[in-house]
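To start, the structure itself, in structure tokens.
Proteins get letters first, then strands, A, B, ... in listed order; numbering begins at 1 in each.
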Protein chains: 2
Amino acid sequence: MPRPQTVSDDELFDRLAHVFRVAGFEGASLGALAEGAGLQRASLYHRFPGGKVQMAEAVMGRVKGLFLRALEPMGSDADVAAGVAESARRISEIYADGELPCVLDTLTLSGAPESIRARAAEITTAWIDAMAGAAERGGADADAARLAAEDAFVRIEGGLVLARLHGDPSAFRRAIAGLPRMLLTGQPPPGVDPGSASGSRKPQASARSAASR
Amino acid sequence: MPRPQTVSDDELFDRLAHVFRVAGFEGASLGALAEGAGLQRASLYHRFPGGKVQMAEAVMGRVKGLFLRALEPMGSDADVAAGVAESARRISEIYADGELPCVLDTLTLSGAPESIRARAAEITTAWIDAMAGAAERGGADADAARLAAEDAFVRIEGGLVLARLHGDPSAFRRAIAGLPRMLLTGQPPPGVDPGSASGSRKPQASARSAASR
DNA sequence: GTCTATACCTTGATAGAC
DNA sequence: GTCTATCAAGGTATAGAC
């Protein structure tokens, strides 16, 4: 073996994942991928003979592994709340505390090949299933558990979108901090401080009409 | 005037918006934009001498107009709940009932120029402000109103991401249907049917540990 | 395994006929 | 105002030296 690898597979996948997640599939040019990886374009083709599509597939495989590891505590029967809290911590780490976009969102736009979209859907399913499982072990019935899990997913993804738009990850962080409460009580976090009072409505201000129904 | 326009400005902007929203800024090639617009590339450059960036800016202007029109009922003092419900209907229409991605999400990836990101941030601010205003008129104090408004935004955007990933817009539709309740009571919709019972927990199943905190 | 060099195509953008 | 034709630049991908 003449020349050793200058960067491990996992490290390489992580670097490529960073480019893909911030730029999307079409936006991630080979030049940008090579620069992010610290390799020349031709070197990337040596490691990924299938080209850009194979790079993205490898990234999705790596991402799936990261998520399965993050979701693992949530699957334990021991202490559901503690498991959910630990998984929430790991999920937040994947997103750099809300600073980085979600590859499931950004890598599934129109230009992305079907194989990538399929893998993203798989990861999404595994993630929501894990949260629904935790909710069920927390006492919810199957339907309520799935709703709570989808709601949690939606809050996290939407929180990341808002973080990118306003440069403010606080909504994402609320979704992460409120994850145990959402899954295990079916209720969202009431406000900024998860331990605060039930809400801050002004009872004297009369809502002019009944809400929704 | 030798040749009349074959497509009106608004119609053209809408067609371009469709390409941009599903493909992102980098993913929307001039070829795709021209095809979507039903014009040749050179004709697009006649209408937009500033090129692709100007096209995207025009799209953002059009989108801002659509949103302001959608948010208008929510700003009325007459019947807050009815206004929110009507705005929710119009917002859902912008997203084709959850079938189309949000331009605020897809057009703000790494490749997008700063001018586009700034306009997207403006639209986001206007949208959240309008929802927070409605929540305040519904009786919430300023902080709670803003939290509810951000929460509503996050649910809608996250719902659209999930819709794209799983081909299932039900989470988006729940966010839309629950908008009056979220803004005017500070509580999320309890489940699939907004008028159903308070929740479907199994009281006999003991949650093994206190949630959160 | 990584590099330089290069082939080939698509892209964004322009010129000029009608 | 729209079109065909064209350009330079950047895109993906490959060949071959080390």
Should B/S43 be listed as having a side-chain N or O under 4.0 Å from OP1 or OP2 of D/dG1?
no
Does a nitrogen or oxygen in the side chain of A/Y45 sit under 4.0 Å from OP1 or OP2 of D/dA13?
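True: A/Y45 side-chain N/O within range (under 4.0 Å) of D/dA13 OP1/OP2.
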Please report, rounded to the nearest Å, how far the [atom2] atom of [N] is from the [atom1] atom of [X].
{"X": "B/Q54", "N": "C/dT14", "atom1": "CD", "atom2": "P", "value": "11 Å"}
{"X": "A/L30", "N": "C/dC9", "atom1": "CG", "atom2": "P", "value": "17 Å"}
{"X": "A/L12", "N": "C/dT2", "atom1": "CG", "atom2": "P", "value": "8 Å"}
{"X": "B/K52", "N": "C/dT10", "atom1": "NZ", "atom2": "C1'", "value": "12 Å"}
{"X": "A/H46", "N": "C/dT4", "atom1": "NE2", "atom2": "P", "value": "16 Å"}
{"X": "A/L16", "N": "D/dT12", "atom1": "CG", "atom2": "P", "value": "13 Å"}
{"X": "A/Q40", "N": "D/dA17", "atom1": "CD", "atom2": "P", "value": "18 Å"}
{"X": "A/F48", "N": "D/dA13", "atom1": "CZ", "atom2": "P", "value": "13 Å"}

If the threshold is 4.0 Å, N to carboxylate O, is there a salt bridge linking B/E99 and B/R173?
yes
How about [X] and [Y]: does a side-chain donor come under 3.5 Å of a side-chain acceptor?
{"X": "A/D10", "Y": "A/S8", "answer": "no"}
{"X": "B/S115", "Y": "B/E57", "answer": "yes"}
{"X": "B/R164", "Y": "A/T108", "answer": "yes"}

Check the pair A/E86 / A/R89 against salt bridge (charged side-chain N to carboxylate O under 4.0 Å, His left out), numbers first and verdict last.
CA-CA 5 Å; A/E86 172 60 17; A/R89 208 191 56 74; 3.3 Å; yes
Selection from C/dG12, C/dT2, D/dT2 that lies nearest to any side-chain heavy atom of B/S29
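Of the candidates, C/dG12 comes closest.
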Select from A/G50 and B/G38 the residue whose nearest nucleotide in DNA chain D is closer to the 5' end of that strand.
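Here B/G38 is the residue nearer the 5' end.
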Whichever of A/A42 and A/A28 has its nearest DNA chain D nucleotide further upstream toward 5'
A/A28
Does A/R41 reach a base, just sugar-phosphate, or nothing at all? Heavy atoms under 4.0 Å.
base
